[in-house]
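The residues of the chain are indexed from 1 along the displayed sequence. Computed from a predicted model, the values in this text were never measured in an experiment.
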Amino acid sequence: SRLTVTIGLGPGLFADADGRDRLGLASRRPVALRALPALPGDELRPELCGGDLCVQACADDPQVAFHAVRNLARAARGVAVMRWSQLGFGRTSSTSREQETPRNLMGFKDGTSNITAEEGATVLGRHVWHDPADAGAAWMTGGSYLVSRRIRMLIEVWDRASLADQEATIGRAKASGAPLGGTREREALPLHRRDAAGRPLIPVDAHVRLAAPASNDGVRVLRRGYSFTDGFDPQLGQLDAGLFFLAFMQDPHRQFVPLQNRLGAHDALNEYIKHVSSAVFAVPPGVPDRSGRFVGDGLFRA
C-alpha cells in the first residue's frame, strides 16, 4: 500500500520545559528546533500539543498506516507512551505539477502555490532542507523541520456564508481555483490590480494575499497536509473536522512564525477556523535500504 514512515524529534528530546538535559543531547540540538511561541488566534489544547517523538505513517490503505503506528507503539512500550494522535485522509496540497490540486473540506482548491518537485534542488535547498550553516547539527544534513497544526474548520458557519463572501475570504474562485480577477488556477496572483472602483481585485484580508510569498519576503514552505473528521462536537453541536496542516521547512522560526503572525492577525479566514493543536519536530534524513543505519543515527553515534 505504498507505506511510508517519517520520524521526527521534538525539542523536549533535547531539553525539558525546565531546560534540563534529559538524555545528554542538549549540545546537539539544532538551532531551528525550538518550541513555537504563542501565535495570534491560538486556541490550543495542551493535550494535543508538542511531543518528544513524531511518527507519521502514510499509505493508500488506512489500515496499513494504523498497524504501522500500532507496531511502533508496541515496540516502544516501557520507553515511550502515546501523547496524541490524528487520523487524516486525502491530500490538501499538490507537490508535483502532474497532480491535480485537491480540495479541502471548505470546497476550495488548496495548495495551488505549493513547492513542487519540479522546482528542483535550488528551491528545496533554500526553503526546505536543513541549513548547512548550522554546523553544530550536521547530523540533520538532508533533513527538514516539520510544523503540525490541527486547524478546526467551523463548517456550519462557513456553509452559511454566500459564495461571493467565501471567494473574497479565500481570494480565489471556488469552481476553477483561479485568483479573483483571473481565469486560470496557476496564474500569478494579481496583487496590485484594482477594479473599476479602485478596490483590490484580491481583498487586503484575503487568505491567498496574506499567505503569498510576495507578501512575506519570499517565504515558502512545503505543505503536506490532510483533511480530518473526528465525529461530532456535542458541546457546540457541530462537526469536528478541518485541516491537519503539516509543512516542512528549513527554519520554522524564520518561515512559519512570521507567516502565521500575519495570518493570525489579519486573515479573513480566521472567522471560520480555530488552531487547536501545535507541534514542531526535526526530521532527520532518510535511511537507505540495507545500509545498517537508523533514523537519527548521526545524532546518537557521534
Which heavy atom of [X] sits nearest to which heavy atom of [Y], and what is that distance?
X: A168; Y: L180; value: CA-CD1, 4.2 Å
X: G296; Y: F300; value: O-CD1, 3.2 Å
X: S291; Y: P288; value: OG-O, 2.9 Å
X: P284; Y: V295; value: CG-CG1, 4.1 Å
X: F281; Y: G51; value: CE2-O, 3.4 Å
X: L189; Y: A212; value: CD1-CB, 3.8 Å

State, yes or no, whether a side-chain contact exists between [X] and [Y] at a heavy-atom distance under 4.5 Å.
X: D159; Y: E156; result: no
X: L263; Y: Q260; result: yes
X: L9; Y: L53; result: yes
X: P132; Y: T141; result: no
X: R220; Y: E119; result: yes
X: L39; Y: F256; result: yes
X: I202; Y: P179; result: yes
X: L269; Y: M106; result: yes

Would you mind telling me which of M249, Q250, Q255 makes a side-chain contact (heavy atoms from CB on, under 4.5 Å) with P252? M249
With distance as the sole test, does [X] use its side chain to make a donor-acceptor pair with the main-chain N or O of [Y] at under 3.5 Å?
X: D16; Y: D18; result: yes
X: R209; Y: S215; result: no
X: S144; Y: V128; result: yes
X: D233; Y: D240; result: no
X: H130; Y: A137; result: yes
X: R2; Y: C58; result: no
X: H266; Y: L210; result: no
X: N104; Y: G107; result: yes

Quick one: do R172 and T112 satisfy side-chain contact (heavy atoms from CB on, under 4.5 Å)? Show the steps, please. CA-CA 10 Å; R172 291 187 179 274; T112 296; 3.9 Å; yes
Is the shortest distance from a Lys or Arg side-chain nitrogen in R149 or D42 to a carboxylate oxygen in the other one below 4.0 Å? yes
Check this for me: does any side-chain nitrogen of one of R29 and D21 sit under 4.0 Å from a carboxylate oxygen of the other? no
Euclidean distance, [Y] [atom2] relative to [X] [atom1], rounded to 0.5 Å:
X: C54; Y: R83; atom1: SG; atom2: CZ; value: 13.0 Å
X: L239; Y: I155; atom1: CG; atom2: CD1; value: 7.0 Å
X: R262; Y: D267; atom1: CZ; atom2: CG; value: 10.5 Å
X: H275; Y: E43; atom1: NE2; atom2: CD; value: 9.5 Å
X: R74; Y: H67; atom1: CZ; atom2: NE2; value: 11.5 Å
X: S93; Y: Q99; atom1: OG; atom2: CD; value: 8.5 Å

Verdict with supporting geometry, L87 and F66, side-chain contact (heavy atoms from CB on, under 4.5 Å): CA-CA 9 Å; L87 179 64; F66 169 80; over 6 Å; no
When the ring planes of F108 and W158 are compared, do they come out parallel, tilted or perpendicular, using 30° and 60° as the limits? perpendicular
Can you say whether the rings of F14 and W139 are parallel (under 30°), tilted (30 to 60°) or perpendicular (over 60°)? parallel
Any luck finding a side-chain donor-acceptor pair between E118 and S96 under 3.5 Å? yes
Can you see whether Q86 engages D230 through a side-chain donor-acceptor pair at a distance of less than 3.5 angstrom? yes
Can you give me every donor-acceptor pair (side chain of residues 221-228, partner residue at least two apart or in another chain, under 3.5 Å) with its distance?
residue, atom, partner, partner atom, Å
R223, NH1, D110, OD1, 3.1
R223, NH2, D110, OD1, 3.1

Full working for salt bridge (charged side-chain N to carboxylate O under 4.0 Å, His left out) between D217 and R254: CA-CA 11 Å; D217 298 322; R254 179 175 56 81; over 6 Å; no
Heavy atoms of other groups near E47 CD, more than 12 under 6.0 Å: yes
With salt bridge (Lys or Arg N to Asp or Glu O under 4.0 Å) as the rule and sequence neighbours excluded, what pairs involving residues 184-201 come up? K109-E185, D195-R199
Give the cluster check for [X] versus [Y]: same hydrophobic cluster or not, with ILVMFWY residues linked at side-chain heavy-atom distances below 4.5 Å.
X: W129; Y: V287; value: no
X: V280; Y: L146; value: no
X: Y145; Y: F244; value: no
X: L3; Y: V55; value: yes
X: L105; Y: I170; value: yes

Hydrophobic clusters join Ile, Leu, Val, Met, Phe, Trp and Tyr when side-chain heavy atoms are under 4.5 Å apart, directly or via other members; which others share one with V81? none
Evaluate the criterion side-chain contact (heavy atoms from CB on, under 4.5 Å) for residue pair V147 and L36; output intermediate values, then yes/no. CA-CA 9 Å; V147 169; L36 298 177; 4.1 Å; yes
side-chain contact (heavy atoms from CB on, under 4.5 Å) between I273 and L243, intermediate numbers included: CA-CA 9 Å; I273 61 175; L243 169 66; over 6 Å; no
